[in-house]
Number of protein chains: 2
Amino acid sequence: MISGTDIFLDKTDLAILRLMQANARITNADLARELDMAPSAVLERVKKLEQRDVILQYTARLNPAAVNQKLLAFISIKSSEGMGSNHTALELAKVPEVQEVHHIAGEDCYLVKVRTADSASLMALMRMTLSRIPNIISTRTTIVLETVKEEQQLVIPEK
Amino acid sequence: MISGTDIFLDKTDLAILRLMQANARITNADLARELDMAPSAVLERVKKLEQRDVILQYTARLNPAAVNQKLLAFISIKSSEGMGSNHTALELAKVPEVQEVHHIAGEDCYLVKVRTADSASLMALMRMTLSRIPNIISTRTTIVLETVKEEQQLVIPEK
DNA sequence: GATGAAACAATTTAGTT
DNA sequence: AACTAAATTGTTTCATC
């Protein structure tokens with residue numbers, strides 16, 4: 001769960017976030033040099049950003065093709081469960097190949113992003129895993145032919 | 001550009017990827033302890049994984065709400081350019097608020113993932129930035145009401 | 001490819017302002 | 001919240017197998 005209490009970030013915090021978003025393996029010493037601060041002061045700020053759930057994770061972005069995950073698809077899923085329940089979404093979220101589950105406005109359904117080795121393994125996933133989740137009424141699968149950009153970088157405000 | 005030459009990853013490489021995907025700030029010494037190897041051997045492998053573009057980036061995943069990016073939307077964009085050209089996609093990719101641009105099958109259009117502060121700033125972005133990109137025929141915007149899962153973690157094969 | 005050793009650098013804690 | 005100082009730990013190179 002993500003902190004609901006309000007979060008105040010000053011110029012220094014935002015600079016730390018900008019640097020760590022661009023390179024999570026930057027040393028604390030290099031961060032301190034960039035910010036013209038003592039390493040101990042920077043370390044304390046980083047720990048607080050982690051505690052406050054401003055920084056959620058440090059992760060290596062991998063080339064999907066290198067680890068045999070060449071197929072990317074988006075699936076629109078309609079569920080018969082009433083509003084207020086999101087059991088279907090939670091079940092979808094448990095599937096490791098499912099990277100994203102969003103509840104979307106308008107069409108009253110979920111948008112799911114899935115990555116598998118190829119179209120055969122996507123079919124297998126849909127038959128074996130998705131079809132076992134209750135309340136799914138329909139699915140519409142869109143295959144990605146080519147990805148031109150895929151980053152999670154957020155635009156960090158100036159202040 | 002991502003390496004086109006084929007990539008062979010052994011069990012040790014895959015273990016490194018699994019560990020660094022989960023925590024990009026793991027120390028090289030800790031990696032070496034997990035793998036029962038000398039730190040120097042692990043360091044050499046990590047450098048090769050970076051060089052071969054298996055590891056694309058180390059990044060901190062940030063809480064979008066903490067940096068005032070509360071709105072997430074997917075936009076389907078139809079372009080009049082012929083197949084073979086992807087000028088529109090490249091222009092879309094240049095926009096910092098655009099996190100993803102995928103060319104999708106079937107409807108002959110792009111699927112774009114965008115993050116902004118709120119719906120007013122999304123409107124402003126569409127009017128000021130997207131409307132200046134040539135060849136865009138139509139857009140259909142879907143607003144995300146709630147995100148249940150959003151990770152980029154890939155399923156790393158066993159071997 | 002992997003190792004061990006060694007020089008150098010970073011991390012992290014504690015005490016102080 | 002920030003600093004300095006100091007002890008511990010990690011990084012990285014290089015010679016060797």
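Chain A is the first sequence line, chain B the second, and so forth, proteins listed ahead of strands; every chain is numbered from 1.
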Nearest whole angstrom, please: distance from the C1' of C:dT12 to the CG of A:Leu31. 15 Å
In whole angstroms, how far is the P atom of D:dT12 from the CG atom of B:Asp30? 14 Å
Atom-to-atom span, CD of A:Gln51 to C1' of D:dA1 - whole angstrom: 15 Å
So if you build clusters from Ile, Leu, Val, Met, Phe, Trp, Tyr with side-chain heavy-atom gaps below 4.5 Å, do A:Val95 and A:Leu111 land together? no
Among the nucleotides D:dA2, C:dA2, D:dG10, which one has an atom lying closest to any side-chain atom of B:Ala29? D:dG10
Going through the checks in order, is the side chain to side chain contact (heavy atoms under 4.5 Å, CB included) test met by B:Val98 and B:Thr129? CA-CA 11 Å; B:Val98 168; B:Thr129 309; over 6 Å; no
Which of these nucleotides, D:dA2, D:dG10, D:dT13, is closest to any side-chain atom of A:Glu44? D:dA2
Of the nucleotides D:dA2, C:dT12, C:dT3, which one has an atom closest to the side chain of A:Ala41? D:dA2
Under 30°, 30 to 60°, or over 60°: which ring-plane class applies to B:His103 and B:Tyr110, parallel, tilted or perpendicular? tilted
Give the rounded distance in Å between these two atoms: CG of A:Asn28 and P of D:dA2. 13 Å
Interatomic distance where NZ belongs to B:Lys47 and P belongs to D:dT11 [whole Å]: 12 Å
Rounding to an integer number of Å, can you tell me how far A:Leu35 CG sits from D:dC3 C1'? 15 Å
Quick check on DNA chain D: between A:Thr12 and B:Arg33, whose nearest nucleotide comes earlier from the 5' end? A:Thr12
If you define the side chain from C-beta out and look only at heavy atoms, does anything of B:Glu146 sit under 4.5 Å from A:Val101? no
Distance check, rounded to the nearest 0.5 Å: A:Glu151 atom CD versus B:Gln152 atom CD? 11.0 Å
Measuring from the side chain of A:Ser40 (C-beta onward, heavy atoms only), which nucleotide among C:dA2, D:dA2, C:dA14 has the closest atom? C:dA14
If you check every side-chain atom of B:Thr27, which of D:dG10, C:dT12, D:dT12 has the closest atom? D:dG10
Between A:Arg25 and A:Val42, the residue closer to the 5' end of DNA chain D by nearest nucleotide is A:Val42
Rounded interatomic separation in angstrom, taking CG from B:Leu43 and P from C:dA5: 18 Å
A:Ile26 CD1 to D:dT11 P, straight-line distance once rounded to whole Å: 15 Å
